[in-house]
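Read the structure below first, then the notes.
As a basis for the values below, the full set of heavy atoms in this structure was taken, side chains included, without hydrogen atoms, waters or symmetry mates.
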Amino acid sequence: MLFFLNKYSAILLMFAGVIGFSFPSFSRIVFPALPYILFFLMLFTLLGIKQELLIRKLLSKSVWSYALFHSLGLTLLAAVLLYIFNISTPLFIAITAVTATGTLFATPAIAKTLGYDVLHAMALTIASTLMMPIVLFFNLMLLQSDAVTLDFGQYIQRLTIFIIGPMAISAFCYKMINPKLLQKIHHRISKLTVLLIFAFPLGLVAPLREMFERSLHEGMSYLLLGCLICGLFFGITYLAYYKSNQQSKTLYAITATNRNVLLTYTIASSYLGFEYLALMAAIQIPTYALPVIIKLIAKTKFDHQNSFVDKKKAD
C-alpha cells in the first residue's frame, strides 16, 4: 500500500485537491488539523537531514540569492506587469503579497516524492520564509495609505513551531541515537510522509469551492489567475536558473511556485482583503497539480530519449 502511494504520490496529491474541491465539508474538517500535520511532516523530513549540513547550506550565497529572487525579484516583476495592465489596487496588493510569500513548508517533502535534493529544498524553504516579512512589509507600506504593522508574534511562533522546533529535535536525535538506528527509523517513517502531504491540498481548497458556488464566473476567473501566476513563477524561475543542471533548475522553479500563503495571511490579514483570500484558494489546484505535470514531462522526455537510443542502435 505504501509502495503504491509513494509511486503514484504526484497523481494522488492532485487527486486529493479534487476530493477537497468536490467535498468541501470534508475539506473543512481536515483544515484545523493542518498545523499539527505540518509539524510532524517537517519533523519527519528533518530527521533525515544532519542539522550541521543544513546550517552550512543555509549559509551559502546561492541559497540567499535565490531567496532574494523568490521574494523581491518576482515582486518587482509582478509589480511592473500589474502596472502595465492597470490592475486595481486590491488585486495589486493581493498578487504582490503572494510574490512576497515564502515557499510552502511542505516543499521539501514534495521534493522528496519527485526524487530531488531534500536538503537543498529545506534550505530554500527556510531562507525564503525568513525573507518574507521584510519584502511583505515594504510591499504593503508602498500600497497602503495607513501605517503598516505585521503580527511578528504569530510569525515567530510559527517559525519556532514548524522550523526551529523540528530542527532542534532532529539535532537532539542525531546526538542521542545511534546513527544506524536513526537511519533505520527514518527510513520507516519517511514512507508515511506522503500520507501527511495529501492533507494540504485536501484541507485548503474549500474556499475555492465556496467561490464557485457564489459565482461560477468569479471562481473560474480566480482559478485561471492562480494558474497563470503559478505558471509564470515556474517558467520565469526555470529560465532564470537555466544554466543549472536539470534537477536544480526544476527544484528552484517548484520552490518558487509553492507559496505559503496561509502564513502571509496570518501575519497581515488586516491588510489583505477578499482578493487575497480568493487567490489563496485558487493557487492550491495548480500548486499541487505541478508535481504531476513535472513527472509527465520527465517521463515523456525519458521515453523519447530511450526511443532515440533504440533507433540509433537499430540503424
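- Of all heavy-atom pairs between Lys57 and Val63, the closest is O-CG2, 3.4 Å.
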Could you give me the CA-CA distance, side-chain angles and deciding distance for Tyr222 and Leu91, then say whether side chain to side chain contact (heavy atoms under 4.5 Å, CB included) is met?
CA-CA 11 Å; Tyr222 273 99; Leu91 192 56; 4.2 Å; yes
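- Clustering ILVMFWY residues whenever any of their side-chain heavy atoms sit less than 4.5 angstrom apart, transitively, puts Leu76 in the very cluster that holds Tyr241.
- Side-chain contact check for Phe162 versus Pro35: some heavy-atom pair is nearer than 4.5 Å.
- Atoms CD1 and CZ, on Ile254 and Phe233 in that order, are 15.0 Å from each other to the nearest 0.5 Å.
- Between the side chain of Ser170 and the backbone N or O of Leu46 there is at least one donor-acceptor pair closer than 3.5 Å.
- Under the ring-ring contact (aromatic ring centres under 6.0 Å, His included) criterion, His120 pairs with Tyr252, sequence neighbours left out.
- Using modelled atom types, one side-chain atom of Tyr271 and one backbone atom of Thr149 make a donor-acceptor pair closer than 3.5 Å.
- Between Thr237 and Leu74 the shortest side-chain heavy-atom distance falls below 4.5 Å.
- Remark: Leu279 CG to Ile95 CD1 distance equals 6.0 Å, nearest 0.5 Å.
- Once rounded to the nearest 0.5 Å, the distance linking CG of Leu159 with CD of Gln154 reads 12.5 Å.
- Annotation: side chain of Ile267 is in contact with side chain of Met132 (closest heavy-atom distance under 4.5 Å).
- The shortest heavy-atom contact between Met42 and Phe105 is SD-O, 3.1 Å.
- Not one N or O on the side chain of Tyr288 forms a donor-acceptor pair closer than 3.5 Å with the backbone of Phe198.
- Of all heavy-atom pairs between Ile294 and Phe234, the closest is CD1-CE1, 3.9 Å.
- Annotation: Phe39, atom CZ; neighbour count of heavy atoms from other residues, nucleotides and ligands within 6.0 Å is above 12.
- With contacts defined as side-chain heavy-atom distances shorter than 4.5 Å, the pair Phe200/Leu13 does not qualify.
- At a threshold of 4.5 Å between side-chain heavy atoms, the hydrophobic network of Ile, Leu, Val, Met, Phe, Trp and Tyr places Ile169 and Tyr36 in two separate groups.
- At distances below 3.5 Å, at least one donor-acceptor pair connects side-chain atoms of Thr96 with backbone N or O atoms of Ile93.
- Nearest heavy atom pair, residue Leu150 against residue Ala268, reads CD2-CB, 3.8 Å.
- The shortest side-chain heavy-atom distance between Ile49 and Met167 does not fall under the 4.5 Å cut-off.
- Taken together through direct or relayed side-chain contacts under 4.5 Å among Ile, Leu, Val, Met, Phe, Trp and Tyr, Val205 and Leu216 form part of one hydrophobic cluster.
- No donor-acceptor pair under 3.5 Å is formed between the side chain of Ser71 and the backbone N or O of Leu68.
- Within the 3.5 Å criterion, the main-chain N or O of Ala256 finds no donor-acceptor partner in the side chain of Thr103.
- Counting non-hydrogen atoms of other residues, nucleotides and ligands closer than 6.0 Å to CZ of Phe212 gives a total above 12.
- Residues Leu143 and Phe92 are in side-chain contact: their nearest non-hydrogen atoms beyond the backbone lie under 4.5 Å apart.
- Taking 4.5 Å as the limit, every side-chain heavy atom of Leu77 sits out of range of all side-chain heavy atoms of Leu232.
- Residue Gln183 places its CD atom among 12 or fewer non-hydrogen atoms of other residues, nucleotides or ligands, all under 6.0 Å distant.
- Looking at Thr45, its side chain does come within 3.5 Å of a backbone N or O of Leu41 through a donor-acceptor pair.
- Few gaps surround OH on Tyr174; more than 12 heavy atoms of other groups in view lie less than 6.0 Å from it.
- Counting only distance, with no hydrogens or angles, the side chain of Thr101 and the backbone of Ala97 share a donor-acceptor pair below 3.5 Å.
- A continuous path of hydrophobic side-chain contacts links Leu53 to Phe44 [ILVMFWY only; heavy atoms under 4.5 Å].
- Rounded to the nearest 0.5 angstrom, Asn86 CG and Ile84 CD1 are separated by 11.0 Å.
- Two residues are said to be in side-chain contact when any heavy atoms from C-beta on lie closer than 4.5 Å; Gln284 and Val261 meet this criterion.
- A pairwise comparison of heavy atoms in Ala282 and Pro286 identifies O-CD, 3.2 Å as the closest pair.
- Leu130 and Ile55 fall within a single hydrophobic cluster, where Ile, Leu, Val, Met, Phe, Trp and Tyr are joined by side-chain heavy atoms under 4.5 Å apart, directly or via other members.
- Within a 6.0 Å radius of CZ in Phe69, more than 12 heavy atoms belonging to other residues, nucleotides or ligands are found.
- Of all heavy-atom pairs between Pro291 and Leu114, the closest is O-CD2, 3.9 Å.
- Comment: Arg209 engages Glu213 in a salt bridge, judged by a side-chain N to carboxylate O separation of less than 4.0 angstrom.
- With a 6.0 Å radius and a threshold of 12 heavy atoms from other residues, nucleotides or ligands, Phe152 has its CZ atom above the threshold.
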